[in-house]
Amino acid sequence: MTQIDTTEPTRPESIRAVPVRHPGRWVSGAVILVLTAMFVHMLFTNKQLDWSTFRHFFFDGGILKGLVATLELTVIAMAIGIVGGIVLALMRLSSNPLMSSAAWLYIWFFRGTPVLVQLIFWFNIKSLMGDVSLGVPFGPVFITWDVNSLVTTFVAAILGLGLNEAAYMSEIVRAGILSVDEGQTEASQALGMRRLQIMRRVVLPQAMRVIIPPTGNETISMLKTTSLASTVAFTELLKAGEDIFNANYKTIPLLIVVSVWYIIVTSVLSVGQYYLERHYGRGSSRALPPTPLQRLRRNLTTFHVKPPAVREGSA
Amino acid sequence: MTENAPASDVMVKAEGIHKLFGRLHILRGIDLEVRSGQVMCVIGPSGSGKSTFLRCINHLEKIDSGRLWVDGHLVGYRQRGDKLHEMRESEVAAQRRDIGMVFQRFNLFPHMTALQNIMEAPIRVKGESRQVVRERALKLLDRVGLSEKVDSYPSQLSGGQQQRVAIARALAMEPKLMLFDEPTSALDPELVGDVLDVMRQLAVDGMTMVVVTHEMGFAREVGDSLVFMDEGVVVEEGDPREVLTDPQHRRTQDFLSKVL
């Protein structure tokens, strides 16, 4: 038996070498610095930007209402997209040929036409169908609604965005489901689990790791795509801004107000996505990735104990 | 057909099993019987159909011809008069509850801890109470020597530990029959022993087992019978000690001379 040396081993001397020079970094740094300076200068001196108008309208009631409408539209359309996407993905993967072709047809149609066209289509649905009625197909009718009272601009926007999103989400969900090792399904089957149980308890939770990142992208993309609803007279964030600058002609400041709100919300969504990914990543790697706060704290602490050899060499 | 139904102490009875994958005729008429409490080891070169046969026993693969009984019941089919009816998915699932299976690649659920892996099926499939299942799962983890790994995720366990959790997961369903599909083939050599120890103890406790394996030592020591398969047929079957030391068939001799 060899004795294990428990005393701290003496640390070997670090290599002291002249590090590689990076002249390209200095050049590119200088260029970027000059461009940044020019941009900042423009921000402060260009009269067209009109920051007082920006400040005045940033928390304007109409803008905030539009922001809420945009958020509602995003959440509801994404919810329809995700639920519809899961259903469509399960249909496409189903062994029932009718189911899978129906799903294929849906995806083919909704991915094949621009979402703007679909939105305008839903907005004009009245000219296609006068009334909607509930009853026996080709038989007696029980209740009838006027389509315009059913499909308001809000509903038209939700339908247009949500149904289109479902087609894209289904491909994401399908890719996620297919990414799960077949052995997982076999092991579950061998334990006597049923198809739905296997999907819900074993396959989907693992597929989530693949599904979440693109879904985050889709959500962020959806937030911005809702601006298309302004074309069908639905007052969301962009339309709210347009309404104001159509009255006071301060186009640029209001577009900046709108843009800054979009950026704020997408940033918040990105943070949410990070934590969701972290949650569904459990078990896939030995240790969970650190949260940004943990990373910041660790960077700050390791910063102090950096070996001094590096600095000496570059001095 | 009913007159061929197996005697009551026969756990698995296979009669003229054929299986084709497309044009590949992988099983070419397998006849076998495993009695309750017996350990049958199946050996043979890769591609001989031994894993496929094992997967037929719990209907992970559908057989194309022949009859297969587990504990006196036809697998995957119901007999009405002289007609066979395919079972519905839920009925097949119900049949599988009583048959545990351990895979070469473990197939633990990576998003669940060791304990959750074991508790999942008894709760979801058998509808047992969480408390009862939890106690049984902890006992099983102790039995496979992993009571300290209760809250570990599979990725935090070694291959040998994962396989022992997989065995505990199968045992948690309190099966009548355990199927092992090359349980030690994916393991580092020094981890094989722990898994074989667990299986050996299981055999001592009277579990009926069908083990596809390359571990000749295990087959000799624990097996009640040894089956040598090649090209989709059973070439030789008998007492493991006799088959291993004095194989009667040419192909068995060739195979054993290569692996022993």
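Computed from a prediction, not measured in an experiment: that's the story for all the values here. We name chains A, B, ... by the order of the sequence lines, and we start the count at 1 in each one.
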*Asks:* Check whether any side-chain N or O of B:Asn58 sits under 3.5 Å from a backbone N or O of A:Ala190 as a donor-acceptor pair, and report yes or no.
*Replies:* no
*Asks:* Can you pull out the residues in residues 166-180 of chain A with any heavy atom less than 4.5 Å from chain B?
*Replies:* none
*Asks:* Indicate the atoms forming the closest heavy-atom contact of B:Leu108 with A:Gln184, along with that distance.
*Replies:* O-NE2, 2.8 Å
*Asks:* Examine whether an atom of B:Leu60 lies under 4.5 Å from a heavy atom of chain A, and if so say whether it belongs to the side chain, the backbone or both; otherwise answer neither.
*Replies:* side chain
*Asks:* Specify which of B:His59, B:Arg55, B:Met101, B:Arg97 makes the most heavy-atom pairs with chain A at under 4.5 Å.
*Replies:* B:Arg55
*Asks:* Is chain A contacted by the side chain of B:Arg105, its backbone, both, or neither, given a heavy-atom distance below 4.5 Å?
*Replies:* neither
*Asks:* If you count the non-hydrogen atoms of other residues, nucleotides and ligands that lie under 6.0 Å from CG in A:Leu196, is the total more than 12?
*Replies:* no
*Asks:* Out of A:Gln206, A:Arg201, A:Arg195, which one racks up the most heavy-atom pairs below 4.5 Å with chain B?
*Replies:* A:Arg201
*Asks:* If you check every heavy atom in residues 163-180 of chain B against those of chain A, which residues fall under 4.5 Å?
*Replies:* B:Arg169, B:Ala170, B:Met173
*Asks:* With a 4.5 angstrom heavy-atom cut-off, which part of A:Gln197 approaches chain B: side chain, backbone, both or neither?
*Replies:* side chain
*Asks:* Would you find more than 12 non-hydrogen atoms of other residues, nucleotides or ligands less than 6.0 Å from B:Glu190 atom CD?
*Replies:* yes
*Asks:* Is there a side-chain contact between B:Met112 and A:Pro205 (heavy atoms, below 4.5 Å)?
*Replies:* no
*Asks:* If you count heavy atoms of other groups shown closer than 6.0 angstrom to CZ of A:Phe109, is the number above 12?
*Replies:* no
*Asks:* With a sphere of 6.0 Å drawn around CE of A:Met99, does it hold more than 12 non-hydrogen atoms of other residues, nucleotides or ligands?
*Replies:* no
*Asks:* Answer yes or no: does atom CZ of B:Arg134 have more than 12 heavy-atom neighbours from other residues, nucleotides or ligands under 6.0 Å?
*Replies:* no
*Asks:* Does any heavy atom of chain A fall under 4.5 Å from the side chain of B:Phe109, the backbone, both, or neither of them?
*Replies:* both
*Asks:* Given that the side chain runs from C-beta out, which part of B:Glu120 has a heavy atom under 4.5 Å from chain A: side chain, backbone, both or neither?
*Replies:* side chain
*Asks:* Ignoring hydrogens, what is the shortest heavy-atom contact between B:Ala121 and A:Leu191? Give both atom names and the distance.
*Replies:* CB-CB, 3.8 Å
